[in-house]
Each structure stands twice: as structure tokens, then as C-alpha cells.
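A short write-up of the structure that comes next.
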Amino acid sequence: MKDIPSRYNPQEVEKKIYRRWQDEGLFGAEASSRKKPFTIVIPPPNVTGILHMGHALNNTLQDILIRWKRMQGFASLWVPGTDHAGIATQNVVEKKLATSGKSRDDLGREKFIDEVWKWREEYGSTIIEQLKRLGSSCDWQRTRFTMDEGLSQAVLEAFIKLHKKGLIYRGNYIINWCPRCHTALSDEEAPHVDTEGKLYYIKYPLKEGEECRVKGEGVVVATTRPETMLGDVAVAVNPKDKRYKKLVGKTLILPIIGREIEIVADSFVDREFGTGAVKVTPAHDPNDFEMGKRHSLDPVLVMNSDATMNENAGAYKGMDRFEARAGILKELEEKGLLVKTEKHQHAVGHCYRCHTAVEPYLSLQWFVNMKELAKPAIEAVKKGKIKFTPKRWTKVYLNWMENIRDWCISRQIWWGHRIPVYYCEICKEVIVAKVKPETCPECGSTRIRQDEDVLDTWFSSWLWPFSTLGWPEKTKDLEYFYPTDVLVTAPEILFFWVARMIMAGLEFTGEIPFSDVYLHGTVRDLTGKKMSKSLGNIIDPLDIINEFGADALRYSMIVITATGQDVFLSKEKFEIGRNFANKIWNASRFVLMNVQGLALNKRCSRLSLEHLADEWILSRLNRAVEAVTKSLGQYRFNEAEALVYDFFWHDFCDWYVEMVKPEIAGGVKGQVLLDVLESSLKLLHPFMPFVTEAVWQNIDERHSIMQEAWPRPDKKLVKKDIEERVETIKSIIVSIRNIRADMNIPHSKRLVVYLVPLKKASEAKLKGGIDYIKNLARLDELVIDKDMKRPEACATAVLEDFNIFIPLKGVIDIDAERSRLTKKMQDAKAQLSFSDRRLKDKNFTARAPEKIVAQEKDKAEKLGEQITRLKSTLNTLI
RNA sequence: GGGCGGUUGGCGCAGUUGGUUAGCGCGUCACGUUGACAUCGUGAAGGUCACUGGUUCGAGUCCAGUACCGCCCACCA
């Protein structure tokens, strides 16, 4: 034991310990188990991902729950895996190809997909390895990937089922189009960003011969995207708008293009905004699309899929959308049709992958009708079958679900689950099937081609809780581990993922996918910005693990994260965890050096408790066990950590170990010391798995601490009276230490302390504690005397139960001390009067910076307080 | 436009159903190296709990409103 180093060195032990856990198969859980199941599925990180602090927080929380439940005797299963992240991964591989001057079109679809798989083989397990560094106790045997065979089957099954039910349809609608990624996006994938734009007022002249009363000879419309005017098919005004009443039905000439367009009345138009007249562009705006339908106007598409202008754009054909915008504005200005330009703040959708401004764009896409699916998912939450923590997210969820819109699920990319729809090129029959049919069931033709599009990545993720357990097969795993227990994730993907999983679970398995959703906060830097690569404010978890250790990362991260609150991180915060790990290490080292040969795992309650300290620490321990367990059950992780920390550091190390040290020095082996250490290690293990295991190996090298049972509180050992007695003793010790510090009493001097009991019951409170007082306050003699009168030159303290007298004659040189204090007081007074003079000096107060003046005031105030204190101390010396 | 979160000692934050003296970590100051730990120990200083009003015997905690900071959602061109 003596060769245990005095510093905990995480780098030395972590990998070794992790390997041992894995080798012994301690992370696995079996469906045949007689235990109760406890299941969590990991929010699958993107296969392109590298571990960031958000992952660190998310996975630490899950690991805490999984390890805790495992120790509690559950078949605790944590299913890991990664997400194929369609667009993100395709972008990464395309970028890589670009470095060798190639595009995906150069390779063609099949070869490109091969490249992506190669990329995945090479880099796809990066994040998995990083999760292991964190200590995550996932059942790695079950690692899944959203594109693997089983999950692909689940995707097909889900698509076909929904299609059969009529909940999947294909149609021409306005969707969010990312011109850079070249694909449609769902509404959730195109978050609005406030953008400083411009509002252009453009005059559309009336057709010759048409009568006009508005500003000469035309109608002025306002738009933020002038280039789309080329696709205008009408101008709309509010039917109640008197200004335009007579113009409804008249014809305008669309500038540049020269198309004749009608003025229509539509109550959608807001009379207050702009000029009250709106250009109608059904192919490039969702509202206009609806209006176009209402007025039977055919859309005119003016852009290609890469946001260049198409053949309908006349002279602007081939230009990029922004280039065309500039050109069109110039032309309008030249023709005197650009009436004015205003600054305009508006929200513009941006691609969540590449941040390009999306283009509302008319195209043929696949959709899921969500209204039906939402109903039971709303019910499940309303009825409390699924609970959100913190509760406030319930409302956010319900609000979104109650206003849910159809989900655009087709993507015009190559990496992903290809849509299982086939078209007969002869008779145009549409066939939905798991595998490509040989012949067309209608006409028998063999000319059959598959839909080119792939499904939204989230179409596979929404099946994750059950597809990873084998669905659509009826597996044992599915039966045993599903529904899962808790989903731990960030609120950012509440709509993307959580809500959709609930819908999918209820639709496809008839059950809720999980009963609890714990939503943790977002990791931000100290200025409140979200940590992200582009902002360059990243703290890399692996750097922290390398420098401070995984336990330090885990502990610090959790203890500073209040339930559901955002986390503001800086590197220094990890010192908390590092210091604590070291404290655990050293306290254990001390215990182990002194308890050799004692029995392990003895039940504390069976021991004869002869010592006050033993009874006390067991009372505190059992209180802590109960509180920590309760907090974990409520997902109050930071509270649970703070509780173990306080117990271990303050109760156990600061007081208990110090109380029993003299006995140990006298050769007494501390069974309770060892027992409490063991229980503490178990309580700490879910939070700090590595250091607790490292210590445990010194206690019992044959078994992992992971196999130990989570402590149960023994209420019989919680003793309020004992705790109160020790509180009294502690307060006496603290008072004496206070005086010692105040009076500068050297430890070398013989110190006698008199305790004068103030109440009848006071003396009894000292029972069994006198030695603790003598040792911890480092006294030579303790006299208890209820008739004691205050001696001369004596320091005093008054407590609830006792007066404390400490005669100072012979202990300190009273005269010297008095003159030291007097001198100190004089110094303080001198400084104060200097300060006062300065503050009264108008030259100073008027000219010095405010900050300096404030500092001076502060200083003066503090000096005043110091003088008061010195005075009272001097009084005790009389 | 709608919804949500935050405001507590110099800094970063806890504070569960309203209940004695409002806690913790860092930082500051003083002392300390007695064989677990200086990644430590002992002690000290430091707070009108954003503001206004209300409910209550009692409010950091509940209610109403105000201010500032932040987030999410939203098809006014």
C-alpha cells in the first residue's frame, strides 16, 4: 500500500481500467436476465462528428444513470450508435473529393456512395472511441448505425406502412431549397435568422388603355427578392382596400419580361404593409403559392436548382440569383420603375448544414402527413405517460405538435436511404416496395426505375429506440428492453427528433418509446455564446481529459449544470473535478495504509459502535446515501454530486478522519473507516468511474466496483441526537481555532481551555467528545467547570451551551501582542485618516476616475471595520 | 408577433414543496508543511437575493407588473 503515489494520475489508469471493464464484459445486458430492465438509447452522434462538450455533457448524464441503475441491480442497457447524417456526411466527402479536383458527378452515384462508405470505415468510429475515453459504459456489442442492414429494413417497413395508410404523399409544393447542398429541407432544417435586408418598391405599369388612378399609370409593389418578379403571375390587393378597389381585374405589364398579369383581390394581403399591393410569385413563395391556387394561376419557375436563373428569366438566364437581383434592380432603375429602396429587417431561412440562405422553391417532393401521427403523441404527453424534465418543455412540445405541418422527407442527395418507390416507364405505374420489382404488375414491363431521392436523415433516427432493438422483427430484445426508460438529450432537437420518436413509437410499436425525457442545457462559453467550431470558442473535451482526467471532466461538467440550465464553461472549472479526484485518491490512500487486514464489505450496522465519531459518520453516510439516491431519481444530477462531495470532503475527510487519526496512530484498525470509504466509493462511482475503480482495485482486485451494489440507506443508523452532539463539539473546536488564529497563538505553546457549561444539559453533550476537542483544537488541557469565573487576560467565546475561556498569560506575550495589535490599529487609523483626507479633497474626488474614488471609499470602509475588530480584540487582553 | 429562461457577495453558480443565522466553487487576506492530500489544512473578510407592488405570522422562494440580458418558435411580401 505504501507505494500508492500521492497524486492521482488519471492518464496512467484510465485506459487500463476501461479495457478491463470491456474485457470482462461489464457493459453488456442480456434479455434473458431475471433482473428488471433499464434502457437508454444514445442520441446517435453524427458519424462525421467529433466529441464536443455537448456530447460530453449528454453522455456523462446517461452514463451516470446507466451505472447507477446497474449497481441497483437492473439489467442496465445503454445502446450506442451513430447517425449517417445524410447531408452533413455527403458534404464532408464531397469536400474531400474536391481536394483532388473531383465532384460527385464525376464519380456517379454508385461510386460516390462507395466513397462515403470508405470514408465511414476510416473515420466513422472516431466519435465512438472518444465516447470510450469519457468512460461511457455502452454495450458496444450492440453498436448500431442508421444505415446498417437492420435499420434500413426498419426504414423500408416504416415508409411502406405509412404509405399504405395514406400518410405519405408526393406533390408539387413550395419547400425550403438549399442551393448549395442542392436539396430540399424540412422546415426544421431551415431555421430563420434575422437578416438586415432591403425592401424594394417597384412600379408595374398598367397595360395601355387600362384606366388608372394610382400614382399615374401603375401599381407599386414591395419585395425583398426582386429577382423573383420574373416569375410573377399576378398582383394581389386586399379586397377591402379602397385605394385599389377599382383596379381589381385590370391588367398590368410585368416589367422586364413584359408578361400581362392581372390584379386580383385576396384577403391574405395586409393593407398596412408596403404599398398594400403584393406581387404574386407562386413558384417562389409559400403564401403566393396558396394565392396562386386560389386564383387558378399557374406558377412560373424562374430558377434552377442551383439558384441560377432559368430560361423563364429572359436575359438573366444563367445568372446567379444575387447577380440577377443586381441586374434587375439596375434595369428597373434605368427604366424609372424602381420607386424607392428601404432597409428592412426580416427573418430568412438558412440551411442548418451550410448556412446558405434557402430559397422557397416549388418542386416535386415526398411528404408525411403529420396531423394523424401527432394526435396520440399529444395524448401520451398530456396524460403523463411521457414526462419531460424540466417540465416547462411540455408546453413547447405540445405547442409544436398542435401546430404541426407536414414533413418533407425527400432529399435530392445520394447518401441516405433511397426512397422505396419505383416507376414503370411504360405505363407510369407507381410501385411502393421493399425490393425492386422485376416487372411492372400493371403492364408487365421490365423498364422500371427507382425514385432518385433519398429520405431525410431523421426518417431513420425517429425509429431509433426500437429499430436498434430489432424492429420490425419481434426480437427478444425488443420485448424485454422496449419501451426504453429515459431519453437524455438537448432541447435543440426536441422537434427534429424527440417529438418524431414519440410519434413513430406510437405508430409503429403501439407504445411510447420512453417514459422520461430529460433535456439538459446547451454548453456555452463564458460570454454566453454557444460553443461551435465556427466561433472558435471550443473547449475540446479530449484536451480536458488529457490534462485533468475523464473524471474531472465528468464531475465538473455535471456539478456546474443545474437541471436544464445552460452551462457556461471555462477551462478553470475542471480544476474542481481534478482536485476532488485527487482528494478521493488521497483519502483512500490514507485509509488503506491504516486498515490492512480488515474485512471488506462488512455491514456497518452489525458493528459495535463504541465511538461517537463512528456513530456520527455512519449517521451522516446514511443520510447522504438517501439524499443522493433521491436526487438521482429526480434527475437532479448537480445536487447529487454536491451531496456526495460535501459528505466525502467535509464530513468524512475534514472531520471524521481527523477525529480518528489519534486512535489509528495508536494502532487501532478502523473498520468503520474502511466501511465508510467503501460506501463512499460506490456512491461516487457513477459520477467518477475511473478514480473510484482505481482505488477499488487496491481494496479488492478481483472484482470491479461496477459489480458492487448501490448502497441502501439504513435509517436506524441515522441519529439526530448524535449529529447534534457532534455539532456542539465542532462548534467548540471552531471557536477555539478562531481564537487561536485571532491571537496568533503558536502551536508550540501549552494551551489550556476552560469550558463553562451554561445549561443543565450542556455537559452531557460533551460525552465521548472531549478527546476530539483536545486533539482537533490542539489543546494541552481542557477543564470543564461550571463555577469557573473569567480569568484575567483571557480570550472568550460564547456559544449556546458553553462559555469558552482561554487564559493567555504565559501563552502569548500579552504586552507584545497588545502592542502588536495597538500598532496595527494605529497603522489602520493612519491609513484611514489618509483615506478620509483624500476623499474630502475635491481635487481628488473631482478629477480621479470614478473607479479609483470608489476603491478609496471601499478601502476606508474596510479600515473602519478592521479598527472596530481590533478594538474588541484588545479588550479581551485586559 | 407568440413562448421560455436568467437577474443571489469581486467572478461563476446552487437554493426541492414559502420556515431559524441565504449556501458552494474560484478569487482575496492571515496563519500553517503535526507522516493521506499544497490538486492541501485552519481561520477571516465579503450579499439591500434586479426593481415596484401584493398575498402571508413569515417571501430569494408564491402572485401581478417593470427593466435589462439570452434563447426558441412564427409564411407579412
Side-chain angles (χ1 to χ4, degrees), chain A residues 2 4 6-8 174 187-188 191-192 199-200 221-225 228 236 268-270 272-281 285-291 344 346-347 349 360 390 392-393 395-396 399-400 403 405 491-492 494-495 521-522 524 526-530 548 552 556 559-570 572-573 575-594 627 630-631 634 636 638-639 642 645-646 650 653-654 657-658 661 665 733-734 737-742 744-747 775-778 858 862 865-866 869:
Chain A
K2 283 194 182 121
I4 302 176
S6 70
R7 280 185 185 196
Y8 172 56
I174 300 279
D187 294 328
E188 292 69 41
H192 289 107
L199 191 59
Y200 304 97
V221 298
T223 180
T224 54
R225 295 186 295 149
T228 63
F268 163 80
V269 180
D270 180 353
E272 305 298 318
F273 191 90
T275 60
V278 187
K279 62 198 259 318
V280 181
T281 325
D285 183 278
N287 297 309
D288 294 10
F289 180 74
E290 293 302 320
M291 269 199 280
H344 182 61
H346 61 145
R392 62 172 182 272
W393 293 107
K395 213 170 141 187
V396 179
N399 185 48
W400 187 76
N403 297 293
R405 286 186 282 158
E492 283 98 339
L494 182 61
F495 307 141
T522 305
R524 304 177 184 282
L526 286 183
T527 64
K529 290 197 186 71
K530 192 170 163 176
F548 298 89
S556 304
V559 83
I560 63 175
T561 307
T563 310
Q565 287 304 117
D566 286 354
V567 194
F568 298 85
L569 259 195
S570 65
E572 298 77 57
K573 300 231 165 131
E575 290 174 7
I576 308 170
R578 181 200 56 189
N579 295 354
F580 188 38
N582 194 56
K583 187 74 181 178
I584 294 167
W585 180 258
N586 274 293
S588 306
R589 186 167 148 250
F590 172 78
V591 173
L592 294 176
M593 283 191 299
N594 289 294
K630 189 179 167 199
S631 294
Q634 298 172 325
R636 305 173 69 88
N638 65 322
E639 188 180 82
Y645 182 97
D646 282 345
H650 298 127
C653 295
D654 290 349
V657 169
E658 295 305 323
K661 259 182 186 172
I733 294 166
V734 168
R737 283 173 175 169
N738 261 326
I739 292 168
R740 205 190 260 284
D742 266 6
N744 253 328
I745 300 171
H747 288 300
N775 291 324
L776 297 189
R778 307 180 70 181
D858 205 46
K862 279 188 178 160
E865 286 167 17
Q866 195 189 347
R869 242 180 301 126

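Chain letters run A, B, ... following the sequence lines, proteins first and then strands; every chain starts at 1.
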(request) Validate the cation-pi geometry between K583(A) and Y645(A): distance from NZ or CZ to the six-membered ring centre under 6.0 Å, angle to the ring axis within 45°. (result) no

(message) Using whole Å, what does the distance between atom C1' of nucleotide rU34(B) and atom CD1 of I745(A) come to?
(response) 17 Å

(request) Could you check how far CG of N399(A) sits from P of rG2(B), rounded to whole Å? (result) 13 Å

(request) Measure from CD on E575(A) to C1' on rC11(B) and round the result to the nearest Å. (result) 14 Å

(message) I'd like to check the ring-ring contact (aromatic ring centres under 6.0 Å, His included) partners of Y200(A); sequence neighbours left out, ordered by chain and number.
(response) none

(request) With the side chain of R392(A) defined as its heavy atoms from C-beta on, choose the nearest nucleotide among rC40(B), rG43(B), rC4(B). (result) rC4(B)

(message) Do V396(A) and L494(A) make a side-chain contact, defined as non-hydrogen atoms from C-beta onward lying under 4.5 Å apart?
(response) yes

(request) Look up atom CD in E575(A) and atom CG in N582(A), then write down how far apart they are to the nearest 0.5 Å. (result) 12.5 Å

(request) Looking at every strand, decide which applies to E290(A) at a 4.0 Å heavy-atom threshold: base, sugar-phosphate, or nothing. (result) nothing

(request) To the nearest 0.5 Å, tell me how far E188(A) CD sits from E492(A) CD. (result) 14.5 Å

(request) Could you check whether Y8(A) gets within reach of a base, just the sugar-phosphate, or nothing at all, counting any heavy atom under 4.0 Å? (result) nothing

(message) By the 4.0 Å heavy-atom rule, please label R737(A) as base, sugar-phosphate, or nothing.
(response) sugar-phosphate

(request) Side chain of R7(A) only, please: which of rC4(B), rG41(B), rU39(B) is the nearest? (result) rU39(B)

(request) When you get a sec, tell me which of rC73(B), rA77(B), rA36(B) is the closest nucleotide to the side chain of C653(A)? (result) rA36(B)

(message) Is the shortest side-chain heavy-atom distance between D285(A) and R225(A) below 4.5 Å?
(response) yes

(request) Check whether any side-chain heavy atom of N775(A) lies under 4.5 Å from a side-chain heavy atom of E658(A), and answer yes or no. (result) no

(request) Check whether any side-chain nitrogen or oxygen of N403(A) sits under 4.0 Å from OP1 or OP2 of rC73(B), and answer yes or no. (result) no

(request) Indicate, with a heavy-atom threshold strictly under 4.0 Å, whether R778(A) touches base, sugar-phosphate, or nothing. (result) base

(message) I want to confirm an ordering. Mapping K583(A) and A277(A) to their closest nucleotides on RNA chain B, which one lands closer to the 5' end?
(response) K583(A)

(message) Please classify the nucleic acid contact of H747(A) as base, sugar-phosphate, or nothing, using heavy-atom distances under 4.0 Å.
(response) nothing

(request) Taking Watson-Crick and G-U wobble pairs with both distances under 3.5 Å, convert RNA chain B into its dot-bracket string, 5' to 3', dots for unpaired and | for cross-strand pairs. (result) (((((((..((((.....[...)))).(((((.......))))).....(((((..]....))))))))))))....

(message) Starting the side chain at C-beta, find the nucleotide from rG43(B), rC76(B), rU34(B) nearest to F273(A).
(response) rC76(B)

(message) So if I take every side-chain heavy atom of A347(A) and compare against rA77(B), rA74(B), rC37(B), which nucleotide ends up nearest?
(response) rA74(B)

(request) Taking atom P in both rG6(B) and rG35(B), compute the distance separating them and give it to the nearest angstrom. (result) 49 Å

(request) Give the B/S/- string for nucleotides 13-25 of chain B, one per nucleotide from 5' to 3', where a protein heavy atom under 4.0 Å of the base yields B, of only the sugar-phosphate yields S, and otherwise -. (result) SSSS--------S

(message) Nearest to the D654(A) side chain among rA44(B), rU42(B), rA36(B), which nucleotide is it?
(response) rU42(B)

(request) Using atom CD of E492(A) as one end and atom C1' of rC4(B) as the other, report the distance to the nearest whole Å. (result) 14 Å

(message) Using whole Å, what does the distance between atom P of nucleotide rC76(B) and atom NE2 of H344(A) come to?
(response) 10 Å

(message) With rounding to the nearest 0.5 angstrom, report the CH2 to CZ distance, W400(A) to R405(A).
(response) 10.0 Å

(message) Base, sugar-phosphate or nothing for V591(A)? Non-hydrogen atoms, less than 4.0 Å.
(response) nothing

(request) Check the distance between rC72(B)'s P and H192(A)'s NE2 and give it to me in whole angstrom. (result) 13 Å

(request) Considering only atom C1', compute the distance from rC24(B) to rG3(B) and round it to an integer number of Å. (result) 33 Å

(message) Less than 4.5 Å apart, side chain to side chain, heavy atoms only: is that true for I4(A) and W585(A)?
(response) yes

(message) Could you tell me if the side chain of F268(A) sits less than 4.5 Å from the side chain of E290(A), heavy atoms only?
(response) no

(message) Can you measure N586(A) atom CG to rG41(B) atom C1' for me and round it to whole angstrom units?
(response) 13 Å

(request) Report the distance from atom CG of N744(A) to atom C1' of rU42(B), rounded to the nearest whole Å. (result) 13 Å

(message) By the 4.0 Å heavy-atom rule, please label A642(A) as base, sugar-phosphate, or nothing.
(response) nothing

(request) Give K661(A) one of three labels, base, sugar-phosphate or nothing, depending on what nucleic acid heavy atoms sit under 4.0 Å from its own. (result) base

(message) Let me spell it out: for each of N738(A) and S6(A), pick the nucleotide of RNA chain B with the closest heavy atom. Which residue's pick is nearer the 5' end?
(response) S6(A)

